[in-house]
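Reckoned from all heavy atoms, side chains included, excluding hydrogens, waters and symmetry mates. In what follows, chains are A, B, ... by sequence order, proteins preceding strands, each numbered from 1.
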Protein chains: 2
Amino acid sequence: MKTILSGVGVIDKSMLILAALEQGPLSLTQLVEQTDLNRATTHRLALALDQHGLLRRVDTTRFALGFRLWILGQAVPGAASLATRVQPHLDRLRDRTGESAQLYVRDGNERVCLATAESEQSLRTIVPVGTRLTLERGSAGAIFMQDNPSSGWVASVAERESGVASVSSAVLDQNGETLAVVSVSGPIERLSTDPGALHGQAVADIAIVIAASVS
Amino acid sequence: MKTILSGVGVIDKSMLILAALEQGPLSLTQLVEQTDLNRATTHRLALALDQHGLLRRVDTTRFALGFRLWILGQAVPGAASLATRVQPHLDRLRDRTGESAQLYVRDGNERVCLATAESEQSLRTIVPVGTRLTLERGSAGAIFMQDNPSSGWVASVAERESGVASVSSAVLDQNGETLAVVSVSGPIERLSTDPGALHGQAVADIAIVIAASVS
DNA sequence: GTCTTGCGTCTCACATTATGAGACGCTAAT
DNA sequence: ATTAGCGTCTCATAATGTGAGACGCAAGAC
């Protein structure tokens with residue numbers, strides 16, 4: 001993930017620390033290595049984050065993400081319920097198209113899979129919940145990069161991964177901004193080099209239904 | 001919630017902002033009112049948190065917690081799985097005692113309910129998941145306040161709420177520190193003024209089982 | 001139509017904080 | 001006994017974050 005410079009150095013550094021710990025508990029020295037921050041600074045910020053519950057000490061020498069993040073995460077408007085309410089629609093899209101379907105939200109310069117319905121065919125794309133992908137490739141990335149999103153669709157062929165094609169559509173919020181992106185993906189063998197012709201309308205239809213159901 | 005002073009002012013202020021937004025989206029002016037921070041400072045920190053995904057703008061004038069918190073929350077070691085693994089044990093404790101059972105984790109100067117099994121009796125205590133309670137009252141709070149926790153139990157009668165009694169026991173991690181607290185609570189009519197005699201052993205037994213199952 | 005109020009946003013001089021070099025104590029390895 | 005590497009802490013200083021106040025905009029009052 002690219003380093004974000006927000007203009008508030010302490011927040012930038014703190015986020016580096018939290019991001020480093022996403023992979024699992026780390027010692028102070030490992031944190032320093034992964035964040036490239038000064039050791040005293042890392043120590044001081046880690047203690048402060050610990051006091052706020054964003055970090056906690058495990059087995060006396062390592063830091064891990066703290067429960068406060070889980071609690072704040074539960075309070076994010078729509079995050080958990082977005083995943084829950086969207087699931088039946090992704091299931092329906094998977095059934096209608098025969099391909100794997102996913103929902104992505106934007107997270108800085110990446111997109112993250114929030115919910116998924118896997119195709120039952122033996123050859124299929126698998127994108128686990130929590131997977132983070134670039135915005136720079138793939139039809140879902142292209143949707144997030146649009147300045148003025150519409151309720152059309154975008155297709156891509158072999159952009160993110162060779163042999164894979166996908167179609168995506170924006171889930172717009174009430175202000176016409178992209179809240180999430182719904183996608184269908186699978187092998188080029190089935191989706192062809194024109195996946196939009198096959199499934200674009202189905203994806204766009206489901207995106208509108210999802211938008212309505214999460215309002 | 002008491003204001004925490006960690007020694008890093010920007011982190012302290014940022015956490016005030018995130019905590020204020022836990023209740024739902026707020027305008028800048030509302031944020032300023034609830035955090036008692038300077039408006040320019042609040043604005044600047046809110047923009048920085050937005051860039052990191054911890055906040056997001058909703059309907060052009062309000063801030064809300066951002067998806068990055070949900071994602072980081074999913075990465076907290078054990079948080080979601082703690083709730084999941086603990087559930088059958090809370091159900092068993094509820095069945096064995098006939099009273100509502102809860103699991104709490106510490107969050108700064110409060111405790112938060114992570115999982116619950118409600119009694120089926122018509123008179124029962126209800127503590128929804130996510131509920132935040134003080135450490136200063138109740139048997140679970142007393143456990144969190146202990147300096148050197150053991151695998152005994154603590155009972156309280158009409159401390160947090162009149163008419164309610166409870167028994168709690170610490171779930172200890174491998175370092176002998178309190179990872180969580182398991183509790184049983186209900187009306188004094190059933191639990192008597194000596195709830196520990198009735199259910200203390202059952203709660204302590206389950207706490208040990210839970211500790212083993214989340215290692 | 002004009003004026004006022006309150007909002008979000010931005011600037012920048014300055015006060016205050018955060019930084020990080022280096023010291024310290026501890027433990028494990030040699 | 002010595003060395004290396006860890007976590008922790010201090011404090012002089014540099015750099016950042018603060019916040020008063022200006023600005024533009026929109027809505028409400030008159």
Side-chain angles (χ1 to χ4, degrees), chain A residues 3-21 23-66 77 147 173-177, chain B residues 3-21 23-66 77 147 173-177:
Chain A
T3 300
I4 293 175
L5 292 179
S6 67
V8 182
V10 169
I11 290 178
D12 296 345
K13 293 185 174 94
S14 300
M15 293 310 298
L16 283 175
I17 292 170
L18 294 180
L21 291 167
Q23 67 184 266
L26 298 171
S27 69
L28 179 67
T29 297
Q30 290 171 316
L31 256 187
V32 167
E33 283 165 5
Q34 298 217 13
T35 58
D36 207 33
L37 295 171
N38 177 278
R39 197 159 53 101
T41 299
T42 305
H43 187 257
R44 202 171 34 81
L45 295 180
L47 291 192
L49 293 168
D50 187 1
Q51 277 181 264
H52 286 283
L54 300 185
L55 296 193
R56 68 186 171 89
R57 307 299 286 258
V58 298
D59 54 66
T60 71
T61 58
R62 292 190 301 161
F63 292 95
L65 293 178
D147 285 335
D173 66 16
Q174 288 152 323
N175 306 314
E177 286 177 21
Chain B
T3 300
I4 293 175
L5 292 179
S6 66
V8 182
V10 170
I11 290 178
D12 296 344
K13 293 186 174 93
S14 301
M15 292 311 299
L16 283 175
I17 292 170
L18 294 179
L21 291 166
Q23 66 184 265
L26 297 171
S27 70
L28 179 66
T29 297
Q30 291 171 316
L31 257 187
V32 167
E33 282 165 5
Q34 298 218 13
T35 58
D36 207 32
L37 296 171
N38 178 278
R39 198 158 53 103
T41 299
T42 305
H43 186 255
R44 204 169 31 80
L45 295 180
L47 290 192
L49 293 168
D50 186 2
Q51 278 181 266
H52 286 283
L54 300 185
L55 295 193
R56 68 186 173 90
R57 307 300 284 259
V58 298
D59 56 66
T60 71
T61 58
R62 291 191 300 162
F63 292 94
L65 295 178
D147 285 333
D173 66 16
Q174 288 152 326
N175 305 314
E177 287 178 20

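Regarding A/Leu31, its CG atom lies at a distance of 15 Å from the C1' atom of D/dT8, rounded to whole Å. Atom CZ of B/Phe63 and atom C1' of C/dC7 are 12 Å apart (whole Å). Rounded to whole angstrom, the span from the CD atom of A/Gln51 across to the C1' atom of D/dT8 amounts to 14 Å. Computed from coordinates, the B/Arg62 CZ to C/dC7 C1' distance equals 15 Å when rounded to whole Å. Here C/dT11 presents its P atom at 12 Å from CG of B/Leu47, a figure rounded to the nearest Å. Atom C1' of nucleotide D/dG7 and atom CZ of A/Arg39 are separated by 7 Å, given to the nearest angstrom. Taking atom CG of B/Leu26 as the reference point, atom C1' of C/dC7 lies 15 Å away to the nearest angstrom. Residue B/Leu28 contributes atom CG, which lies 19 Å from atom P of D/dG24 at whole-angstrom precision.
Considering only heavy atoms from C-beta on, B/Arg44 comes within 4.5 Å of B/Thr41 through its side chain.
For B/Gln34, the side-chain hydrogen bond (donor to acceptor under 3.5 Å, both in side chains) partners two or more places apart in sequence, or in a different chain, are B/Gln23. By the side-chain hydrogen bond (donor to acceptor under 3.5 Å, both in side chains) test, B/Gln30 pairs with B/Ser27, sequence neighbours left out. A/Arg62 pairs by the side-chain hydrogen bond (donor to acceptor under 3.5 Å, both in side chains) definition with A/Asp59, not counting sequence neighbours.
When every heavy atom of A/Leu37 is checked against every heavy atom of A/Lys13, the shortest pair comes out as CD2-CG, 3.6 Å. The two atoms that bring B/Ile17 and B/Leu45 nearest to each other are CD1-CB, 3.8 Å, heavy atoms only. Taking both residues in full, the closest heavy atoms of A/Pro25 and A/Val58 are given as CB-CG2, 3.9 Å, listed atom of the first, atom of the second, then distance. Taking each heavy atom of B/Pro77 and A/Leu65 in turn, the nearest pair found is CD-O, 3.6 Å.
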* Asked: Between B/Asn38 and B/His43, does a side chain to side chain donor-acceptor pair (under 3.5 Å) hold up when you go through it step by step?
  -> CA-CA 9 Å; B/Asn38 178 278; B/His43 186 255; over 6 Å; no

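At least one side-chain nitrogen or oxygen of B/His43 sits closer than 4.0 Å to the OP1 or OP2 atom of C/dT9. Contact check, B/Thr29 against C/dG8: a side-chain N or O comes under 4.0 Å of OP1 or OP2.
You'll find that the side chain of B/Ala40 is closest to D/dG21, out of D/dT8, C/dT9, D/dG21.
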Each base of DNA chain C marked ( ) or [ ] if paired in-strand (Watson-Crick or G-U under 3.5 Å), | if paired to another strand and . if unpaired gives ||||||||||||||||||||||||||||||

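Taking CE from B/Met15 and CG from B/Leu18, the interatomic distance works out to 5.0 Å, rounded to the nearest 0.5 Å.
With A/Phe63 as the aromatic partner, A/Arg57 meets the cation-pi criteria of under 6.0 angstrom to the ring centre and within 45 degrees of the ring axis.
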Please list, pair by pair, any protein nitrogen or oxygen found under 3.5 Å from a nitrogen or oxygen in nucleotides 16-19 of chain C.
residue : atom : partner : partner atom : Å
C/dA18  : OP1  : B/Gly9  : N            : 2.5
C/dA18  : OP1  : B/Val10 : N            : 3.2
C/dA18  : OP2  : B/Gly7  : O            : 3.1
C/dA18  : OP2  : B/Gly9  : N            : 3.4
C/dT19  : OP1  : A/Lys13 : NZ           : 3.2
C/dT19  : OP2  : A/Arg44 : NH1          : 3.2
C/dT19  : OP2  : A/Arg44 : NH2          : 2.1
C/dT19  : O5'  : A/Arg44 : NH2          : 3.4

So which protein N/O to nucleotides 12-15 of chain D N/O distances come out below 3.5 Å?
none

